[in-house]
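Each chain gets a letter, A, B and so on, in the order its sequence line appears, and its residues count up from 1.
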Amino acid sequence: MKPSLQHRARELLRLALKNPTAEFHDGQWETIDKLLRKQAKILMVQSTGWGKSIVYFLATRLLREQGAGPTLLISPLLSLMRNQLQAAERIGLRASTINSSNRDDWQQVLDRLKNDDVDILLISPERLANEDFRRTVLLPMAGTIGLFVVDEAHCISDWGHDFRPDYRRISRILQVLPKNIPVLATTATANNRVINDIVAQMGEELCIIRGPLSRKSLHLQNIHLSSQVERMAWLAEMVPQLPGSGIIYTLTIRDAKRLAFWLKSQGIDAHEYSGDMESAMREELETKLLDNRIKVLVATTALGMGFDKPDLGFVIHFQRPASVVHYYQQVGRAGRVVEDAYGVLLCGEEDDEIIEFFIQTAFPPGNHVTMLLDALETANSGLSVPMIEQRLNLPKSQIEKVLKFLSVETPSPVTKDGSRWYATAIDYKMDQARIEQLTSIRRYEQERMQMYMKSESCLMAFLQRELDDSHPVRCGRCAVCIGKPLLKDAGSKELIKNAILFLRCSEQPIETRRRWPSNDAFAIYGWNGNIANNLRAEEGRVLSVWRDAGWGNMVAEGKSVGRFGDALVDGVAEMVNERWQPNPKPTWITCVPSLKHPILVPEFARRLANVLHLPFIECITKIRDIEPQKMMRNSYQQAHNLDGAFEIDTDKVDSNPVLLVDDLVDSRWTFTVVAALLRAAGSGPVFPLALADTGIGDYS
Amino acid sequence: MSDSILTPDTQAILLICGSLGQDRGAYPQPLTSMEFSRLAQWLDSRCLQPADLLNKDIIAGLEENRALKNDPRRLRALLNRGGALAINVEGWTNKGLWIMSRYDKDYPYRWIKRLGHYAPALVYGAGNRDLLSKGGLAIVGSRDVSEKGIAVARRAANICSNEGMQIISGGARGVDREAMISALLQGGNVIGVLADSLERSSFSSKYRRALRAGKLTLVSPYDPRASFNVGNAMNRNKLVYCLSDCALVVSSAFGKGGTWAGATENLKRKWVPVFVFEGDGVPDGNRFLIEEGAIGLNSAMLIDENVFMESLKSQCDILLDPEIQNNVIYSSEINDRDQPKEPTNEESLSSDIVTKSKVAFDLFPKVWPFIKAELQSAKTDRELSEIFNVQSTQMRAWLNQAVDCHLALKLKRPTRYVIQKDQSLLKKWEID
């Protein structure tokens, strides 16, 4: 029985790879054999491209030939990569995907599952958390699953660099699997701590198969350029000189967008990539990169999991990642099939702040948890998220984060039934000790990353040691081994100037709000439902991001000394006249008043009006002091805070279009409310204009 | 980090008996309690445990046994449902629900004792499992009940709670819920045997706090998400009776309905003594039940707590003391046709009982009522061995067991045995 199974497996391998002389890599056959004969539970740690997917394709094929049911593949990928699909097809495997991006296909897939016409079903980890999905899609076929495969298994470990809450539930599912069902967990990046943690979670019988992680043709270099504009300049100059197509990683979506835009303005074929985008768009971009039809993708960590391009020419990090393992996972994608590939880490001044933000917001604070549980406890029929927003002064995103955090604890103090959340009968205490431990690990990893940046010995060996590679070897190719930079390490002055100018012209729209918040947020003003057309603000403009290298720094300075500089006035005027050109053209200017800083904004608005040759009319009064808007954490609270706060002097209002000026914009409620009041008092269209956007912004 | 959520035996039993979210009638059909019992006996006869079913070789052996009549493909298909089991179990434990099988030490002995092969192979539950072994008063009745009936249910529940006696009911609208909620408000312990929606009930606001505080246990033999089904509701009535020490029927229709069916079945099978409320304006079913052998309980008896408790105590059998249960495993208890092994000598028999290991069949619960009757007054072991015509070593063994279980007291000089007074025994029902 055994020789013929191996024979058959090799036959299938050669078919799948379209290579009549292919042989198994070390460990591939052993894994398949253990899965089939012993229903083993295996963790496979092998670098990208080694052939992990071949292992589970072959195992699936062989199991199916023995009459087993389909394989369930849990993976964050949107779908199998094209080359994987082709290999699968060649050995007659029918793969189907169910995730949030292909809802239209679900019924078809369900029908195929019922007819046993699916060999591999790919679902994303988030699906498992969805009760509806479990019941309607998963449970009907779960009774016949012949093999469980968990991709990116390092996500199971909270000690890992990329912990995902939904993976906690996956690990618990694996824990309660009876011993007659085989499991294959795969990852390309895991150090000993992560592996030990996974073993602790999944049980001692977990078998580990591990391979070396080095990259033969990858050249590494670290470059210190603290300001963003210096790094932008460097990229504009160097990217065209790098071989092939590659990836630039940023920490935030906002940076990805801006950087891509900047590079495009410098004539480079670049495009942003983030989790914010439609999956169809993401797939298209991935394909373009694979086919070398684009020079560079400027991406957040959303471009990571499973993406495999053997001829990736370069991986550049715009900002320092949170950990060395993280860094390796991203940079290690380059340098496989090509002769020369580059991995460059650009370190900047804002890195520490961003990483610190991530560390501090990784877990919800204890009082948020308490507030939420108290609110649910007093609700007899549960609460939906909007209802929670009404009761708690927390941002919606934070509420959802707390709910997610709590729902993956087992047993969980919360449960969802329909669209409402309920408190369960579980007596819950946050495990503060664990949270502190994890936070200190993250800080430790940050330190290791900083050590890497300053490393005076081989960079590749450093990475290997961090990943507990058993034989770290001096590579002889990195900037440290060679003793000098591989690529020049400063930006050209000309380009730096261009970058500053670019940022100074990168104003963003302030989008119009169309709906009042629910439930009488504006009891005094009496607004509810949709915002009437004749009360809506027009699309506005915000000049900069607080403290950025364009105007943002100047705005911050102005605010702290109590007067905005003239250069800002000129910059705004230029933006209005040359680029924005609001239509219909405003004939007068007014501003949002403040009781705390009564002079700052009006004084600026007056000077702006002067330069634009327009009258400045102060017609809005703040009639009561309110809590600072920045203390109001969700939409409902922000809006409600402004109820009845302003009054218009109707006599002064001009019936023509107007520019409404304020220094900062965050939730847009202030603009929305004041604009509505102006319109109600008879003004023409209102165009909001702010100097800076305060939000931390959307990180990744 | 991973406590074993399920013992391997329960895992196997869940695979073969649990619905695991499958539609009714879908293939493969899970085993019924009776089918499971037959399988368990086969395993027992080969010194195997349910967990061994996950071993491929064992299945092969099973398939050769024609006496079992199980379709071998069906059993294999059931055992392959590991994926469904894992996803279901993770979902339940995430919500704080637990699963027990007949093989678990917390499984209510009373069900095994009274229902035998029909004791549910699996129980899903929420809350404090310890309550399940402590018996109590079952209060049952129809969904539609008069104000007076509600008052009776509440009063009975309150008295019991004050006196430290648990209330057991079915969780249905009407009498069940009135009794349960009343008892909980009074600070008493409650067990609810649900016919449907265990999951939803576990986070409902009326039960949450009591579940958290360990004062309420909700159980069901049906899938935690099962929806209401008349057949299931009828079936669960017997579980309510069989978990208790005595029962009170507040209101019953005559000749139809779940309350009537449950009460008549209890009378027929003599599980527990049953009281039925009598008086002006009670439904017809009440009167007929009393004629059939139920004990009448009128309003007067509910006025004084002591009178009520005495009535209960005088009927309740304290045979099924929780301490005794731990000595017995389920399997051979059930089938009385299986003769316990003949002792080769007295020593080996007595040592079997005293060591409390896996005994094939423990006689002690059978003989205790007789011994108890004699121990109303203190006696020596010799006197008792003469009365019962057994060897004195055997008598001593039984008496020691009784003392271990706090059923009897051992007095000195001379060494004599006497029964524990009822009062202190009842105190065992009090909440910690």
Side-chain angles (χ1 to χ4, degrees), chain A residues 39 67-72 128-129 131 134-135 138-148 168-183 197 200-203 376-382 407-417 421-428, chain B residues 1-6 8 11-12 14-15 19-23 26-28 51 53-56 59 76-99 126-127 199-214 216 218 225:
Chain A
Q39 294 91 50
T71 291
L72 184 68
L128 282 176
E131 291 288 345
R134 274 187 184 219
R135 260 179 307 122
L138 212 47
L139 281 178
M141 58 82 67
T144 54
I145 292 174
L147 169 67
F148 265 81
R168 279 188 94 186
R169 300 194 68 173
I170 294 174
S171 104
R172 272 195 289 271
I173 290 176
L174 297 178
Q175 274 168 38
V176 288
L177 265 181
K179 61 179 205 199
N180 61 349
I181 307 269
V183 176
D197 188 26
Q201 288 192 46
M202 287 183 52
L376 287 177
E377 186 60 34
T378 54
N380 282 343
S381 327
S407 67
V408 300
E409 300 272 77
T410 281
S412 170
V414 298
T415 188
K416 195 171 186 197
D417 193 20
W421 288 88
Y422 294 80
T424 65
I426 300 303
D427 214 354
Y428 177 73
Chain B
M1 183 213 129
S2 48
D3 304 314
S4 49
I5 299 168
L6 289 181
Q11 196 182 53
L14 189 52
L15 277 175
S19 74
L20 297 181
Q22 235 172 249
D23 289 332
Y27 182 86
L53 288 169
L54 290 173
N55 189 322
K56 280 189 193 165
I59 303 293
R76 257 191 217 274
L78 287 169
L79 286 163
N80 272 335
R81 299 188 302 161
L85 179 145
I87 292 173
N88 271 295
V89 171
E90 194 278 335
W92 296 327
T93 53
N94 176 258
K95 295 178 184 347
L97 302 176
W98 38 258
I99 311 110
E199 187 182 295
R200 190 165 282 152
S201 306
S202 76
F203 58 82
S204 114
S205 52
K206 55 183 180 291
Y207 295 140
R208 268 200 304 253
R209 266 176 222 123
L211 282 168
R212 249 179 244 150
L216 170 66
L218 295 175
R225 296 198 84 111

Participant: Would you say B/Arg209 and A/Glu377 make side-chain contact, with heavy atoms under 4.5 Å?
Facilitator: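 With C-beta onward as the side chain, the pair touches.
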Participant: What residue, out of A/Gly382, A/Gly146, A/Pro411, has the most heavy-atom pairs lying under 4.5 Å from chain B?
Facilitator: A/Pro411
Participant: What residue in B/Leu211, B/Asn94, B/Leu97 has the most heavy-atom pairs under 4.5 Å with chain A?
Facilitator: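 With the most close heavy-atom pairs to chain A, the winner is B/Asn94.
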Participant: Pick one of side chain, backbone, both or neither for B/Leu85, based on which atoms fall under 4.5 Å of a heavy atom in chain A.
Facilitator: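 Interface part for B/Leu85: side chain.
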Participant: Using non-hydrogen atoms only, which part of A/Ala68 is less than 4.5 Å away from chain B: side chain, backbone, both, or neither?
Facilitator: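 When you check distances to chain B, no heavy atom of A/Ala68 falls under 4.5 Å.
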Participant: Quick check on the interface: out of B/Leu78, B/Asn80, B/Asn55, who has the most heavy-atom pairs with chain A under 4.5 Å?
Facilitator: B/Asn80
Participant: Using heavy-atom distances under 4.5 Å, tell me whether A/Ser407 contacts chain B through its side chain, its backbone, both, or neither.
Facilitator: backbone
Participant: Against chain B, label A/Leu138 side chain, backbone, both or neither, depending on which of its atoms sit under 4.5 Å from a heavy atom there.
Facilitator: side chain
Participant: With a 4.5 angstrom heavy-atom cut-off, which part of A/Asp417 approaches chain B: side chain, backbone, both or neither?
Facilitator: side chain
Participant: Would you mind checking which part of A/Leu147 comes under 4.5 Å of any heavy atom in chain B, side chain (CB onward), backbone (N, CA, C, O), both or neither?
Facilitator: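 Neither part.
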Participant: Taking side chain as C-beta onward, heavy atoms only, is A/Leu139 less than 4.5 Å from B/Leu20?
Facilitator: no
Participant: Measure distances from A/Leu177 to the heavy atoms of chain B and classify the residue's part below 4.5 Å as side chain, backbone, both or neither.
Facilitator: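 Contact with chain B involves both backbone and side-chain atoms of A/Leu177.
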Participant: Can you list the residues that meet the side-chain hydrogen bond (donor to acceptor under 3.5 Å, both in side chains) rule with B/Glu199, with sequence neighbours excluded?
Facilitator: B/Arg225
Participant: Need one label for B/Thr93: side chain, backbone, both or neither, based on atoms under 4.5 Å from any heavy atom in chain A.
Facilitator: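 It is both, since atoms from each part get that close.
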Participant: Quick one: what part of A/Ser412 sits under 4.5 Å from any heavy atom of chain B, side chain, backbone, both or neither?
Facilitator: both
Participant: Name the option with the most non-hydrogen atom pairs under 4.5 Å to chain A; the candidates are B/Arg212, B/Arg81, B/Lys95.
Facilitator: B/Arg212
Participant: Determine the minimum heavy-atom distance between A/Ile181 and B/Gly83, stating which atoms define it.
Facilitator: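 In terms of heavy atoms, the two residues are closest at CD1-N, 4.1 Å.
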Participant: With sequence neighbours excluded, tell me which residues meet ring pair (Phe, Tyr, Trp, His ring centres under 6.0 Å) with B/Tyr207.
Facilitator: none
Participant: Relative to chain A, which of B/Gln11, B/Gln22, B/Glu90, B/Arg200 shows the most heavy atom pairs under 4.5 Å?
Facilitator: B/Glu90
Participant: Going by heavy atoms in the side chains, are A/Arg134 and B/Ile87 under 4.5 Å from each other?
Facilitator: yes
Participant: Shortest non-hydrogen contact from A/Ile426 to B/Gly96?
Facilitator: CD1-CA, 3.7 Å
Participant: Quick one: what part of A/Glu409 sits under 4.5 Å from any heavy atom of chain B, side chain, backbone, both or neither?
Facilitator: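 Only the backbone of A/Glu409 comes within 4.5 Å of chain B.
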Participant: Just so I understand: if I count every heavy-atom pair under 4.5 Å between each of A/Asn180, A/Ile145, A/Ile173, A/Leu174 and chain B, which residue has the most?
Facilitator: A/Ile173
